[in-house]
Amino acid sequence: MCGIFAYTGKKDSVPILLDGLTSLEYRGYDSAGIFVAASGAIKAVGAVNNLKAKLPATPIRGMSGIAHLRWATHGEPTEANAHPHHDCQEDIWVVHNGIIENFKELKAKLISLGHTFMSSTDTEVLAHLIEHHLREKKDLEKAVIAALNDVEGTYGIAVSSKHEPEKIIAARLGAPIVLGIGENENFIASDPTPILRHTKNVIYLRDGEVAVITPSSHHIYTLDSVRVERDEEIIDWDVEQVQKNGYDHFMMKEIMEGPEVIVNTTRGRLITDEGLSKLGGLEMVAERLRLMNRIIVVGCGTAYYAGLVGEYMLEEYAGIPVEVEVGSEFRYRKPLIDEHTILLAISQSGETADTLEAIREAKRKGALTLGIVNCVGSTIARETDAGIYNHAGPEMGVASTKAFVSQLTALALLTLFLGRQRQMSLSVGKRIAEEIKALPEKIQTILAQKDAIRAIAEKYAGSRDFLYMGRKYNYPIALEGALKLKEVSYIHAEGYGAGEMKHGPLAMIDEKFPTMAIALSDSVYQKMTSNIQEIKARKGKVIAIATEGNEEIRDLADDVIHVPKTIEMLSPILTIVPLQLFAYYFAVKNGQNVDRPRNLAKSVTVE
Ligand code: M6R
């Protein structure tokens, strides 16, 4: 949520900053702005292209600057509210991701001291607070630290001053900041994506830390001004992974990466002959895991739905009671947790504020915290006791697709791990491992049907409502399929457990309200076909996701998409793929920008 990028070095910073912002666009697109210490600022409402269009009229140059993409929280997406924000003298400029909760009190105090505000954002108080402290401290670092000690809330910031053009100061509390360490150039960003094309050496700031960079140096301090030594980490993502590589949209590229993602998530982790999964990230807590008797899974959005599938897997095969909850609810309950409870957090970004707070709350209560996280080095990855990295590569589309496939795969590996520690037999373990291994090829056969799926999506693209229904393992897939359609096409879509239809939702069905029914040839097939019949009896149109070879379902459904057979536990990893493709083609047909759905941002770092 909100993207920050900053550069100081020996090159012209403007193209570097614009390029960095373009690669961060999934973090926000309400407005964009840059400040270059040697010449000034430009801002524009909307995405980075609007900012680029303004450059010829207001050329700016300089070897150091800060840049921002806004996802509006306080104040409308106007140019006045676009970052960077400045102090009264237009000397100190700030970009910010997060929320300054006490900004009203601080603003009133600063106004009473003679400061003039130009925007209705919470961020602007930071620039004026720094100005205020600078008068007394006469030192930019000290003034930034003093200002941060006055604020309550969350922040990831970058600060630049006209008087010290080579220097940029960053700080974080609850919103991610990463430093990129190059040769005679250094960077600051919200995540490593814009840094990758310049250097793979990074340092993740921790909460309560401040960093000062110049072209040739980087230093980290605490908010008490104590120097911190931290080694650089090497990122193993490639630049190509954050590009579209010939696809029209990241969403399509990432759906097509499904088979490769499963290979990467499972690489070196499956011992098929022994029916085991080998999870290096859990080794140090393996013995403690044997003693655990309850799992609480926490995630938001798509990650939460992955958790719901995990509940079915873990209860059936590992025999451990599981509860799943969205982070934003978990943290406001009084959850009953003890030292035999696992809190399993699922998060692609590893930065989702509600999931992170749930982890912190569970830790305070003595739980063992585990993470299934894609972004290496992210806050959730660092704060959990142990975990499984997805290795899905960077996900750039705001709508999560390949990360979900990888999360389900990681949950299957975890089920195997915990199941074999408990009552799962060798033969069941082997069967699951073999089936996991076969998934990439099976997904490939679904992807090969993409033109047929496009034709079906285009046939229904005029619908304004959609119902998704499934049962058991595929109930969460109905929820996730509906979420995908909602977020990229903005149409009303609801996901239901098919057994619930008679308890209310069936009332909505008529000839204009189509249903996507996940009806595999599994233990709930007969029940699903009954539900489909009930829809047909109300003149509802039905698209069925059915098991390869099931042709009889054509007598019931208006359209059919086939997926290969696998064991029930792994079937969601296949059934989600046609639903992702369907949502993609449906939205594209309706002219939507699937990579940048309105009102959304990729990483939700505020509550
Ligand atoms: O980074 P996370 O996995 O923690 O993000 C959680 C949700 O914000 C995310 O899955 C969101 O629901 C996606 N836009 C869904 O496509």
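Order of appearance sets the numbers: ligands from 1, and atoms from 1 within every ligand. In this text, all values refer to a predicted model and were calculated from it rather than measured experimentally.
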Only one of Y490, F513, F582, Y496 clears ring-ring contact (aromatic ring centres under 6.0 Å, His included) with F466; which?
->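 Passing option: F582.
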With heavy atoms under 4.0 Å as the rule, classify the contact between E351 and ligand 1 as side chain, backbone, both or neither.
->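 Neither; nothing of E351 gets under 4.0 Å from ligand 1.
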Closer than 4.0 Å to some heavy atom of [X] - which atoms of ligand 1 meet that?
X: V398; answer: 13 (C), 14 (N), 16 (O)
X: Q348; answer: 1 (O), 2 (P), 3 (O), 4 (O)
X: A399; answer: 16 (O)
X: K484; answer: 15 (C), 16 (O)
X: T302; answer: 10 (O), 12 (O), 15 (C), 16 (O)
X: S349; answer: 1 (O), 2 (P), 4 (O)
X: G301; answer: 12 (O)
X: E487; answer: 13 (C), 14 (N), 15 (C), 16 (O)

With S400, which of Q348, Q407, E395 fulfils side-chain hydrogen bond (donor to acceptor under 3.5 Å, both in side chains)?
->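 That would be E395; it is the only one of Q348, Q407, E395 passing the side-chain hydrogen bond (donor to acceptor under 3.5 Å, both in side chains) with S400.
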Report, as yes or no, whether the 6.0 Å neighbourhood of atom NZ on K363 holds more than 12 heavy atoms from other residues, nucleotides or ligands.
->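 Enclosed: over 12 neighbouring heavy atoms sit under 6.0 Å from NZ of K363.
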Least distance between heavy atoms, [X] atom then [Y] atom:
X: L574; Y: P564; result: CD1-O, 3.3 Å
X: T575; Y: I477; result: OG1-CG2, 3.6 Å
X: M528; Y: A517; result: CE-CB, 4.2 Å

Closest non-hydrogen protein atom to [atom], residue and atom name please, with distance?
atom: atom 8 (O) of ligand 1; value: V604 CG2, 4.0 Å
atom: atom 7 (C) of ligand 1; value: C300 O, 3.4 Å
atom: atom 4 (O) of ligand 1; value: T352 OG1, 2.4 Å

Taking the six-membered ring of F250, is the NZ or CZ of K244 close enough (under 6.0 Å from the centre) and on axis enough (within 45°)?
->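 Yes, cation above the ring, under 6.0 Å and within 45°.
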Tell me, please, whether Y155 has R172 positioned over its six-membered ring: NZ or CZ under 6.0 Å from the ring centre and within 45 degrees of its axis?
->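 Here R172 fails the 6.0 Å and 45° test against Y155.
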